[in-house]
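The structure appears below as structure tokens.
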Amino acid sequence: MYEGVDLSRVPRHVAIIMDGNGRWANARGLHRTQGHAAGEPALFDVIDGALEMGVKWLTAYTFSTENWSRDEYEVEFLMHFNVDLLQRRRDELHAKGIRIHFIGDRNDPRVPDDLRKRIEDAEELTRGNEAMHMVFAFNYGGRNEIVAAVGEIAAKVRAGNIEPEDIDAGTIAAHLYLPEMPDPDLVIRTSGELRTSNYLLWESAYSEYVFTPVLWPDFDRHTLAECIVEYQSRNRRFGSAEDLSVPPRRGGTDSPAGDRD
Ligand code: FPP
């Protein structure tokens with residue numbers, strides 16, 4: 001089914017930049033938003049494949065802080081699409097034992113109230129699920145995430161709860177949007193673009209990247225398996241000379257790899 005994948009070494013956390021919806025639509029004479037709509041079945045096929053292969057965390061970039069600069073119609077479409085998708089798909093994810101999380105600035109006044117409410121409801125409903133964690137990076141930006149963490153830490157310093165000299169990488173990691181989320185082992189970007197685009201900046205410090213030319217609506221569980229095969233062919237060294245199968249603790253200073261390169 002998943003040819004070539006070593007199911008005993010599947011990445012624990014796969015994070016995806018779903019890119020190429022606009023180009024997929026343009027090539028068919030469709031509107032860009034129809035490309036986004038075609039991205040939904042791709043995402044849900046990938047969710048099923050990830051679940052079957054034993055991936056424990058899957059993160060998908062559904063709306064970036066930079067996406068607000070797209071034309072008003074497309075922004076409006078993506079906002080409604082996120083609301084609608086949560087409405088239609090939440091119970092299905094719940095039935096599969098998937099826990100839903102959102103990372104990003106959900107309190108931004110531009111985010112509609114009904115979406116914020118649906119996000120909270122979905123997180124609450126699925127809180128006890130353990131089959132897989134599905135993280136939607138929505139109104140997410142890696143720099144914003146770090147800025148928000150620094151702001152929280154600064155407030156604690158001002159209140160006398162943290163001493164500045166005690167701040168280390170673990171302090172930052174503990175103040176990110178979802179501190180319990182492990183760092184991604186594998187980051188996939190579709191559509192042939194070779195950028196990280198502000199995605200999981202802190203968390204992906206030691207991730208393996210796989211870039212595929214496939215446009216997102218054409219991606220599925222089999223393309224995911226191919227990316228995992230590519231990932232499994234790499235040596236993960238975390239800055240050390242040896243291949244290390246165990247990643248350093250997230251953002252911590254107690255890395256088994258010692259000094260990082
Ligand atoms: C990037 O393609 C994609 C997005 C900005 C939106 C991602 C949304 C989906 C894949 C649909 C699934 C949606 C949800 C809410 C789960 P692009 O528009 O930048 O494509 P282009 O680079 O070809 O123009």
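First listed ligand is number 1; within each ligand, the first listed atom is number 1.
Between Ala137 and Tyr199 the shortest heavy-atom distance is CB-CE1, 4.0 Å.
Ring orientation note: the planes of Trp57 and His133 are close to parallel, at an angle under 30° on the 30°/60° scale.
Once rounded to the nearest 0.5 Å, the distance linking CZ of Arg221 with CD1 of Ile47 reads 11.0 Å. In this structure, His36 NE2 and Met18 CE are separated by 9.5 Å, a value rounded to the nearest 0.5 Å.
Within 4.0 Å of ligand 1, protein heavy atoms belong to Met18, Asp19, Gly20, Asn21, Gly22, Arg23, Arg32, His36, Leu43, Tyr61, Thr62, Asn67, Arg70, Phe81, Asn82, Leu85, Trp216, listed by chain and number.
Here Phe77 and His31 keep their ring centres 6.0 angstrom or further from each other.
Using a 4.0 Å cut-off between charged nitrogen and carboxylate oxygen, Glu230 and Arg234 count as a salt-bridge pair.
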